[in-house]
Structures are given as C-alpha cells and as structure tokens.
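Report on the structure given below.
Order of the sequence lines fixes the chain letters, A, B, ..., with proteins taken first and strands second; residue numbering starts at 1 for each chain.
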Amino acid sequence: MKKELPKVYEPKIYEDQIYDKWDKSGVFQPDNISDENEKYLNIIPPPNANGELHIGHASGYVVMDLLGRYNRMLGKKVLLLPGKDHAGIQTQVVYEKKIKEERDLTKYDLGREKFYKEVYDFCIDRSQYMRNQEKKLGLGADWSREKFTLDPKVISTAIETFIQMYNEIDDDGNRMVYRGERIINWCPRCESALSDFEVEHKKENGKLYWIKYGPFVLATTRPETKLGDTAVAVHPDDERYKDMVGKNYTIKGVLGNFEIKVVADKEVDMEFGSGAIKVTPAHSFVDNEIATRHNLPSKKIIDESGRMMKNCGKYAGMTTAKAREAIVVDMEKMGLLDHIDDDYDHSIAVCERCGYTIEPIPSEQWFVNVDHKNFSLKKEARKVVESEKIKIYPARFKKVMLQWIDNVHDWCISRQIWWGPRIPAWYKDGLTKVQIDSPGDSWKQDEDTFDTWFSSGQWAYTTLDYPDGKDFKDFFPSDNMIMGRDILPLWSFRMIILSLYRTRSIPFKNLYFTGLVRDEHGKKMSKSKGNGIEPLEMIEKYGTDAVRMSLLVGSSPGNDMNLGEAKIEGYRNFVNKLWNISKFVVTNTKQDNLVEIKRKDCTLADLWILQKTKELIDETTKNINGYRFSQAGESLRSFMWEDFADWYVEVSKFEDNKEIKNTILTMVMKDLLRLWHPFIPFVTEAIWKNFDDSLLASSSWPKSERYMKIVGGDRETNKLDFETIKSIIIAIRNARAEYRVAPGKKIDATIYGSKNSDTITSQANIIKNLRTGIEKLDVQEKGQKITKAIYLSVDGVDVYIPLEGIVDFEKEKKRLQKELEKSESFAKTIATKLQNEKFTSSAPKEIVDKEKEKAKQQEEKIEKIQKFIKSLG
RNA sequence: GGGUUCGUAGCUCAGGUGGUUAGAGCGCUACGUUGACAUCGUAGAGGUCAGAGGUUCAAGUCCUCUCGAACCCACCA
C-alpha cells in the first residue's frame, strides 16, 4: 500500500497530539520499566512559579530531554523529575507589583495570611501554565512526580535540615545554624535581609563630597552617614596623619559636636581622597570590619525602611537620599563643605530582585556556619569537587566552583518576607526553641521565612521523598544536573553542601552548565529592548523541533549563544528536509517485504551507505556520551542531507536490486530517525508512524554491529570505491557548469580507469544518471590519447569529455595550467615534509604512509595533466 | 586587584586528548520547476584561523606576551 504524505511538514498538526500519545503511553514514567534496568535520574531545575518560561529555560530543557530520551533508548529506567520553585523574594515582588497595579493594594492591606494564600494560588496557576510550556518543548518528564518547593513533605524535610544543623553543636558550644546580630545587606523596599548573592552592583555617576571634618578634610559619597561616625581611619604608613593616630578629636557636625577616635588600619587606601576616611561601623561592611578590629563603638542611624532614625534630629524620618541633600545644604551653610566633585563614577549595591538601593544595616538574623567544626560544609564541598567525585562540564567551571567555595562566608538564611516557609524557631521569655511544632501556649514563632535557596538547595533529595522514599533509594544521586552558568553559586553550590551534610552523599554525578542565550548580535535579551525570543512564539511559527535544533547545534557547552530568528527558520527548513526524505522512502519502500541483506547482493553505493551509517552510529553515541551535542547534530545533519539524501537516495532511483534497496532504505531511515529522536522528537515520531506501529520514543538506540555484520570489516574499501565514483560525477558536473553546457544537452564521455576500470564500468549507469547528462559512456582500462576534449584527472582516473565546437581550447589550456600549478605547489609541500628526516622518523608510520600516498597521487596527476596540455599544442 | 570566556569566510558559529589541501548554516554569484523536497537542486566565489614570539618532525589546536570585546567576583569610603 502506498502512503501519501503532504510535501510540507506542519508541526502544529502533529506536535500536541504526539505529546499526548507519549504522555498517555507512560513512556516517561520509570515505573513501567523493570527495576533490574540501570537507573537514570535528572532532576529538572524548578523554574520560578511566577511567570513563564523564556528561551534560557528552553536551552536547558532541550539538553535534559535529549539526554533523557537517549538514556531511555539505551534501555535505562529513566526519571526526569519536574518541579516548580516558590522563589521567595522574587515572587513576593512580582505579586506585590501585581496587586498594586490591578487593585491598588499593598501586602499590608491584605495581611500576612491572606497575602500568602493569594500568592500560593497565583503560583499554582502559573505552574499550570508553565507545565504546558514544558510539554510544548517536548520535555519527557514524569508529571505524576512533579514537586513544588512548598509541598508539605518537601518543606518538612528542608526544615528538618535546619533543626539538625541547629542541634549540631561543637565542643565550644557553637551551633551550625545560629542567630546573631551582624551587618547585612538590607533591601528597604523588600524590607528584608539579602545574601551576598542576591545583591548586584550597578555603576552610577554621582558626587563625591569633600567635607571639613575637624582637623581633616575627607571625601565621601555618603555625607548623611556622618551622623553614625565613630572614628576616622588612616593608613598606618601615612606620614601625614602619623601623629594623630590614637588620639580623640571633637568634630563639628550638623547636629552639634561629636567625638571620634583616629585609628590606623591597612585597609585604608592612601591614594583615595585625602587618605583619611570616616568610619560608620553600622552602615558599611568595610567600616564594620575596621570597627571590629579596633574595638570601636557602633551607632545605628538608618532603620529598616531606609530612613534616618529618631537619633538623627531634624533629619529623622527622611530617606537616606533626602537626608543627604538636606545635610549637604546645612553643611554648606555651616562652612563644613570643602568642595564637591560632580562627576564621580562609583558602583552601588542594588537588590537583584527589585533594583532598590541596598542599605547595609546591623540586624539580627539566622546564619549557617559554612565552616563548622563538626562538619565543614566548604571543606567537604571542596573535596568532592577537587577529586571530581562530581564531574563538572565544561571542565573550566571546576575552577570557578572552587573559587566560590573558598570565598564563601556564613550564609544568612532568614528573610523578612511573608512568602515562604517560616523559620521553626519559637521564643518565650528570652528562651529559644527550634522545632517544627509550637512548644506550647504563649510561645511565639519567628516571623522570618527561609531564604528560597535554603529549600531549593535541598531539591536534590527533598523531591525524592528523602530519607525513606523508594525514589530516593532507587535513583539518588542524580546522574546529570544541568543548569545555566549564572546560577552556579546560587544553586549548584548550595545543593552540594546541603546534600553532603544531610545525606552524606553527593547530590549528582555530573554537573553540566549551559551558557546564556543572547540575541543574534550578542546583546542580552530583555523585555525593554524588545530583542527577546519567545519560545512559544517561535514554536508556533517554526515548530518545536526547529527551536530545539537551534539551541543544540552551533553552540558549545558553557559558552553563551547568539540566537536570531533566522537560525530557527533555517532549522525549520532542515526539519522539512527530513520530512521529505522520509516521504520519498515511505512512498518507495514496502514495509512487508524486507529481506536479509548479504554483502554479495549489495552495490557499491549500498556498501558505502551501510558503512557510513555504521560510523554515524558510533560517532553520535560517542559525541552524546561526551556532551558534544553540537557535533553530534552536525554529523547527523551532514549524513542525512549529503550522504543519504543527495547521494544514496538519488542512486537508489537508478539501481535495480529493488529488494535490497527497499530494505536498506528502510533500515537506514529508521535508524536515522532513532538517532535524531533525542534532538527532534516530534518530527521523527511523526515519520516513524509510517514505518512502525510502536512509539519511537520507546524504541531502542541503534547498534552499529548490525551494519558491521553485513559490510564486513574492511571499511576503507567499502567507502573508497564509491567515493571515487562520486568524485568523477562531481568533476563532470563541474565541467559542464564551467563551460555553460546547456542543462538539457547530452554529452559523451570516455573514461580510462586503469585499475579502477571494472568498478567504473559497473557504475556506468550511476555516472550517466546522476545529473551528468552523459548519453554515451565509454569505459576502458586505457586507450589512445584523446585530444579535442576536456580532460579531468580524478583519483587516478582519466575522464575525457569531447566538446568540440563548444570548448575554447585556449581557455581549457589555461584552466589545466591553473590546476597544474595547484597540484605542483601541493606536491612540493608534501615533498619537503617527506625529505625532512625528522618527520619520517618521528611521526607515526600511518601519517608518513598517508603523505607518501598523497605524493604519489599528485605526481601522477601532474604528469597526466602535463601530457594532456602538450597534446593540445 | 583576582578570575573566566571570546577574537576562524560578509553575518552567526563548529572545530574532545596537536597529524588529509581549515568546515557548516545564512548571505552572495551563475545555472536549474528532473517523477521526496523551490522550506529545493547543481556548480562556484569567499579565510595569511586578531598580532608577535616559543615548544614540536608537525600548531586554528599547547605555552608566553601584545591588542581588541564580553562577563564574573572583590573594592569603590
């Protein structure tokens, strides 16, 4: 029965329907595979459940899905575990903005409980939307196991870790998590503490104020912090201030006089300003360190809303920015201002989530000691990374990871936001208890919630029902963890330390980083610039497979990728090409008449394509195992388009061994579909249906042994003979084009094939039919000189095309002369190499032999061309 | 100040452990509606692999330096 396929592949018709089939078949659920099979786990980084997927998410997903499908085809029990992240601060910011815009409300209008519930519902709604996006991308995840960071079991496991750490006490009585007052990054807009990782530094052009400060003149960008000064610091080697160190001075200020001490500290840069700096211990990290070293008092003047506190007199209640203006005006009046530099570049810290300027303030927070005596998180993490118990791809990120590990400070894990799990600490009459449930009446729970990374950092095992769940026992640790390189410090590092502590095991064996996706000119994609590529929009326009290819091919691991719509369009064409190749195969083969293929029944082209397929399978397997997806895709593409479509399919139209052709076309096509499937699952599945009733997604990875058995071991012969025929055909086409032989015009040709003449004779039909336009082909071993013709020397074979009347032999002479020169110069470089004794003695024999072979070929070619030129007169 | 990446054809990029005359896609030129495909086919032009040294029989690939671009961390008082 002949099947009909439309000539253009329309993804929209097939994709949803195919995904549905996969989903219903249970192919993504590991429970359908026997426990005896090797396990494979990839936990999918949970996207923040407050928006939608962008192209960056997609670039990670396609890698995870590729590896998942590949391992599934290898017969493994594969689990791709999906989930969503509640994303503490970010979601709270998003939702606050939303209620402000839509209802003109603040979170206080709703109250903590109602706010929490609304955000929860919002996240559940977004999760549903995002899950559909994930399916659109073809992600073969087990949705029955999907997790949310706020699922009760996930939370309780994460909280238990906190309690365990609290109870981890060393000999000196230090706990692994502790509460203490420290100067921390404070976002006045979010009204919460932030970790170092949640702070970004932004360049700003501002003013540098030079103020008169008792006996000093010193430069500052923040004159308002003068109200909290307790010292002036200078460098110990600074001759200018040597005599003043250790002394106290009374300084005139806008709120009256105050006392400061002069201290010497090597942190001070003598080159900056006047070499003397004012020290505000409560509102600067560096000043705080100086204060600690010199035992200086600290005076807090800025509160949690970013305003000046009551102790700031008439400035109380002003924001820091307002206070700065006011103080500068007053200082000017009082003659305390020396001068102002108007054009001063410096950088300011801003909240990563809302962009508001960070105020460093002292605050009571919960911290994780990352270098605890009982179990040093950083040292243990270093060990597993250093020893490559966790392998990192690409390798250079190992160094980056080690740097992060070495520089990490105690981790502030409490946040003063509402959205997230509460910290399980209870207070009463100055007592503290850390436990899940309330210790009893009148105990008050800590108002703070956990840093979102404290829960997502435990994702590697909380998702598997640690510690008793079957999934944990079966699958943990993950085989692959794949994420964008931008969240290395935020997430991968946290997962490593928390997993090491809680499970005493690495969370994953391989850690693979993708680069960031930029626009086609390397600019960061952003909504405001309008240069973003929306995955759904592209899928709608070009199909999922095209989007997947554009993310997988033409980029390298860990490096950023530039992506424009044109690239996606190109892969749309590519997908269509595959469709049409299969259309040819489907309509020209019979699935019910497959025969056993024996070497003796095969033509040159048959052996050639079988050999090539064998190599393709080996190469693709090797490349995927080495995470070289771009290379795998590239070799698949060139096989499919060039070897299979341009040559083998064309040849198959003109060779008579129909049963063999029928079988080889089917066999190679099916294996090609299998090899392609992890890259472009939809179109391959759609085509597969025409060959097989089962699902391609549940079929197996091709084996090259099958091809080895047919073609035998002599790979070079299998390929070379047909390659020679190819070269002859290309040379003839080339000559036709060069001499503008009209497309329809038939020509004759004579070939002197020497030792290849039998082979060429057997392929005469192919040479004639593959767009060479040859009418009469005369093949001989050798013969008398032919002069009035175009002469082509191909792989030691002489091809003559008599074109008297069409060809200008003066021009032909010039063409050959040029070719001769090329050959001669090439021959010369080889000769120099071979004359070099060091080369012949040091290089491997096969390399030298290859060079010798090349030299021989060139010499022959040169001789033949010379002779022919001579014959032209 | 510490670190990373990149610089290969007009554009966007590939080129594991050094080894054919350096590749692809798009674009370009000239032909072409051949019975899977014009989302196509045939042929072609286009590169001193940023520059300079070095290691080696052999360097786009390894080392050093220079120039240019991007990014991360720290500092920015």
- Query: Looking only at side-chain N and O atoms, does A/Asn580 come under 4.0 Å of OP1 or OP2 in B/C40?
  - Reply: no
- Item | RNA chain B: stems of at least 3 consecutive Watson-Crick or G-U pairs whose donor-acceptor distances fall under 3.5 Å | B:1-7 with B:67-73, B:10-13 with B:23-26, B:28-32 with B:40-44, B:50-54 with B:62-66
- Message: Would you say A/Lys399 places a side-chain N or O within less than 4.0 Å of OP1 or OP2 belonging to B/U4?
- Response: yes
- Does any N or O in the side chain of A/Thr772 come within less than 3.5 Å of the main-chain N or O of A/Ile767, such that one atom is a donor and the other an acceptor? yes
- Item | Charged N-O contact under 4.0 Å between A/Glu569 and A/Arg572 | yes
- Is it true that the NZ or CZ of A/Lys653 lies under 6.0 Å from the centre of A/Phe584's six-membered ring and within 45 degrees of the ring axis? yes
- Query: Is the shortest side-chain N/O distance from A/Ser347 to OP1 or OP2 of B/C76 below 4.0 Å?
  - Reply: no
- Proximal nucleotide (of B/U39, B/G3, B/U20) relative to the A/Asn576 side chain: B/U39
- Message: Using the side-chain heavy atoms of A/Lys854, tell me which of these nucleotides is nearest: B/U42, B/U21, B/G44.
- Response: B/U21
- Query: Roughly how many Å is it from CZ in A/Phe574 to P in B/U12, rounded to a whole number?
  - Reply: 23 Å
- From B/C31, B/U21, B/G41, nucleotide with atom closest to A/Pro743 side chain: B/C31
- Query: Quick one: are A/Val586 and A/Lys583 in side-chain contact, heavy atoms under 4.5 Å?
  - Reply: no
- Using a strict 4.0 Å threshold on nitrogen-to-oxygen distance, state whether A/Arg815 and A/Glu819 make a salt bridge. yes
- Within the pair A/Ser556 and B/A14, is there a side-chain N or O less than 4.0 Å away from OP1 or OP2? yes
- Message: Using a strict heavy-atom distance below 4.0 Å, which residues from residues 838-846 of chain A are in contact with RNA chain B?
- Response: A/Lys838, A/Phe839, A/Ser842, A/Ala843, A/Pro844
- In whole angstrom, what separates A/Lys7's NZ from B/G35's P? 9 Å
- Query: So, is A/Asn573 near the phosphate of B/C40, with a side-chain N or O under 4.0 Å from OP1 or OP2?
  - Reply: yes
- Query: B/C40 phosphate, OP1 or OP2: any side-chain N/O from A/Trp641 under 4.0 angstrom?
  - Reply: no
- Query: Is the shortest side-chain N/O distance from A/Lys577 to OP1 or OP2 of B/G41 below 4.0 Å?
  - Reply: yes
- Query: Just to confirm, is there a sub-4.0 Å distance from OP1 or OP2 of B/A58 to any side-chain nitrogen or oxygen of A/Lys833?
  - Reply: no
- Message: If you assign A/Ile847 and A/Ile730 each to the RNA chain B nucleotide with the nearest heavy atom, which residue ends up on the more 5' nucleotide?
- Response: A/Ile847
- Item | Of the listed nucleotides B/A77, B/G15, B/U34, the one nearest the side chain of A/His346 | B/A77
- Query: Counting just side-chain N and O atoms, does A/His201 come under 4.0 Å of either OP1 or OP2 of B/C73?
  - Reply: no
- Task: Between A/Arg628 and A/Asn559, name the one whose nearest nucleotide on RNA chain B is closer to the 5' end.
- Result: A/Asn559
- Item | Validation row, ring centre A/Phe216 to ring centre A/Tyr241 under 6.0 Å | yes
- Message: Can you see if the side chain of A/Lys653 gets near the phosphate of B/U34 - specifically, an N or O under 4.0 Å from OP1 or OP2?
- Response: no
- Item | A/Trp647 CH2 to B/G41 C1', straight-line distance once rounded to whole Å | 12 Å
- Task: Using a strict 4.0 Å threshold on nitrogen-to-oxygen distance, state whether A/Arg222 and A/Glu359 make a salt bridge.
- Result: yes
- Query: By salt bridge (Lys or Arg N to Asp or Glu O under 4.0 Å), which residues pair with A/Glu851, not counting sequence neighbours?
  - Reply: A/Lys833, A/Lys854
- Task: Look at A/Glu775 together with A/Lys768 and state whether they make a salt bridge at an N to O cut-off of under 4.0 Å.
- Result: no
- Task: Would you mind checking if A/Lys622 and A/Asp618 are paired as a salt bridge, meaning a charged N to carboxylate O distance below 4.0 Å?
- Result: no
- Item | From A/Phe574, A/Tyr14, A/Trp676, residue fulfilling ring pair (Phe, Tyr, Trp, His ring centres under 6.0 Å) relative to A/Trp579 | A/Tyr14
- Query: Which nucleotide in the set B/A30, B/A77, B/U4 lies at the smallest distance from any side-chain heavy atom of A/Arg740?
  - Reply: B/A30
- Is there a side-chain polar atom (N or O) of A/Arg733 under 4.0 Å from OP1 or OP2 of B/A43? yes
